[in-house]
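Data block below; observations after.
The chains referred to below are lettered A, B, ... by the order of the sequence lines, with proteins before strands, and numbering in each begins at 1.
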Protein chains: 2
Amino acid sequence: MPDQVDRIIEQWHTEKPDLDVTPMAVIGRLSRTAMAVELRLARTFAEHGLDAASFDVLATLLRSGAPYRIAPLELAREAMISTSAVAQRLNKLESRGLVLRQANPNDGRGTFVALTDAGKLLIETALPDHLETEHAITSVLNRGEQEVLASLLQRLNTAASS
Amino acid sequence: MPDQVDRIIEQWHTEKPDLDVTPMAVIGRLSRTAMAVELRLARTFAEHGLDAASFDVLATLLRSGAPYRIAPLELAREAMISTSAVAQRLNKLESRGLVLRQANPNDGRGTFVALTDAGKLLIETALPDHLETEHAITSVLNRGEQEVLASLLQRLNTAASS
DNA sequence: TATTGTTATACTCTATAACTATA
DNA sequence: TATAGTTATAGAGTATAACAATA
């Protein structure tokens with residue numbers, strides 16, 4: 001069944017028949033699908049008082065393993081944002097008692113960001129819900145289709161990043 | 001070759017071996033690939049003094065065909081943003097002389113947004129460049145792979161939107 | 001001098017609410 | 001009363017630049 005992207009491509013065929021708009025089939029659906037997924041995931045985050053950025057910080061700390069400590073600079077690299085943006089995310093999380101900052105004993109300039117007990121509890125509660133939401137979305141594709149999709153996306157990512 | 005998403009999944013296997021994180025292979029790559037593509041496309045837009053939002057408005061007007069006129073409400077529906085956001089996008093474009101507002105003779109409440117000659121020239125210049133960028137990204141996949149990818153994304157979109 | 005990290009500041013984008021005008 | 005559109009306002013998020021402290 002045709003979707004909005006099909007209609008857009010059809011419009012271009014009519015209006016600019018000389019242009020090759022075939023890449024839009026992939027790029028158009030990529031951005032729309034990513035947006036729809038983002039909105040869907042945000043609902044689950046909100047049920048736990050979180051947004052995607054906060055969830056990302058807490059999940060990064062959790063999956064780093066005990067003692068659940070990471071330097072702000074590493075958080076910035078993982079999230080691909082500035083260290084300033086990280087500091088401001090951390091301010092919010094720290095004011096809610098979900099993370100705390102500790103001095104790095106080996107480097108006086110450095111800081112560790114650590115999960116508090118409350119932060120660990122929250123992310124450990126939210127994570128299964130989040131995975132359930134992801135599963136609900138991806139389960140329309142069987143295992144093989146998911147592997148194909150992941151592989152094609154990975155190759156596209158490499159091409160876009162160069 | 002393993003990428004960042006592979007490493008994240010491996011971390012979860014180590015730290016939370018009981019959790020099924022297989023959906024992350026698809027969802028994680030979807031968001032990262034969409035972001036990488038968005039950044040790549042923004043470069044081309046910037047070469048023409050545009051951002052994605054402005055390009056979107058101008059392209060929507062162009063592909064609607066002569067006389068290149070659309071109501072703001074329809075622009076809001078296509079871009080999935082509020083009519084207020086549309087009005088503010090239009091203010092910027094109008095101040096640059098790329099679009100102009102016209103009264104709707106059939107409905108005193110209504111407005112038409114129309115491409116100016118300058119706006120039409122700009123989008124007709126930027127569009128081929130944009131398509132070239134999209135082609136450069138998608139051409140790492142052959143025609144059949146692109147069709148598979150578009151189809152899988154479409155199904156995922158449907159699942160996420162429900 | 002370079003690096004880590006924070007804060008001050010400004011910018012962009014958006015939505016909500018209030019408002020005008022017309023149907 | 002409902003609809004189309006705009007503006008005023010406030011909020012969220014970010015990056016740049018300035019700053020402090022340590023390597």
Quick one: which of [options] gets closest to the side chain of [X]?
{"X": "B/K92", "options": "D/dA15, C/dC13, C/dT4", "result": "C/dC13"}
{"X": "B/I81", "options": "D/dT3, D/dA23, C/dA15", "result": "C/dA15"}
{"X": "A/D51", "options": "C/dT14, D/dG13, D/dT14", "result": "D/dG13"}

*5'-most contact on DNA chain C: A/R101 or B/T83, nearest heavy atom basis?*
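Its nearest nucleotide lies further toward 5', so the answer is A/R101.
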_Closest-nucleotide ordering on DNA chain C, the 5'-leading residue of A/N91 and A/G110_ =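 It is A/G110, whose closest nucleotide lies nearer the 5' terminus.
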*Is there a donor and acceptor pair, one atom on the side chain of B/S84 and one on the base of C/dT16, closer than 3.5 Å?*
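Side chain to base: pair present.
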Considering every strand and a 4.0 Å limit on heavy-atom distances, what is the contact class for [X]: base, sugar-phosphate, or nothing?
{"X": "B/A71", "result": "sugar-phosphate"}
{"X": "A/T111", "result": "sugar-phosphate"}
{"X": "B/A85", "result": "sugar-phosphate"}

Send over the distance from [X] [atom1] to [N] [atom2], rounded to a whole Å.
{"X": "B/I70", "N": "D/dG5", "atom1": "CD1", "atom2": "P", "value": "12 Å"}
{"X": "B/R77", "N": "D/dG5", "atom1": "CZ", "atom2": "P", "value": "9 Å"}
{"X": "A/L75", "N": "D/dT14", "atom1": "CG", "atom2": "P", "value": "13 Å"}
{"X": "B/Q88", "N": "D/dG5", "atom1": "CD", "atom2": "C1'", "value": "12 Å"}
{"X": "B/M80", "N": "C/dC13", "atom1": "CE", "atom2": "C1'", "value": "16 Å"}

*asked:* Run B/N157 and B/S161 through side-chain hydrogen bond (donor to acceptor under 3.5 Å, both in side chains) and show every step you take.
replied: CA-CA 6 Å; B/N157 191 349; B/S161 302; 3.0 Å; yes
*Report the C-alpha separation of A/H48 and A/D129 in whole Å, then their side-chain angles, then the decisive distance to 0.1 Å, and conclude whether the side-chain hydrogen bond (donor to acceptor under 3.5 Å, both in side chains) test is met.*
CA-CA 9 Å; A/H48 295 272; A/D129 270 13; 2.9 Å; yes
*Could you check A/S84 against A/Q88 for side-chain hydrogen bond (donor to acceptor under 3.5 Å, both in side chains), going step by step and ending with a plain yes or no?*
CA-CA 6 Å; A/S84 154; A/Q88 289 165 77; 2.9 Å; yes
*Along DNA chain D (nearest heavy atom to each residue), the more 5'-positioned of A/A53 and A/G108*: A/A53
_Could you check whether any side-chain N or O of B/T33 sits under 3.5 Å from a backbone N or O of A/L153, counting only pairs where one atom can act as donor and the other as acceptor?_
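Yes, the answer is positive, given that a donor and an acceptor are paired below the 3.5 Å cut-off.
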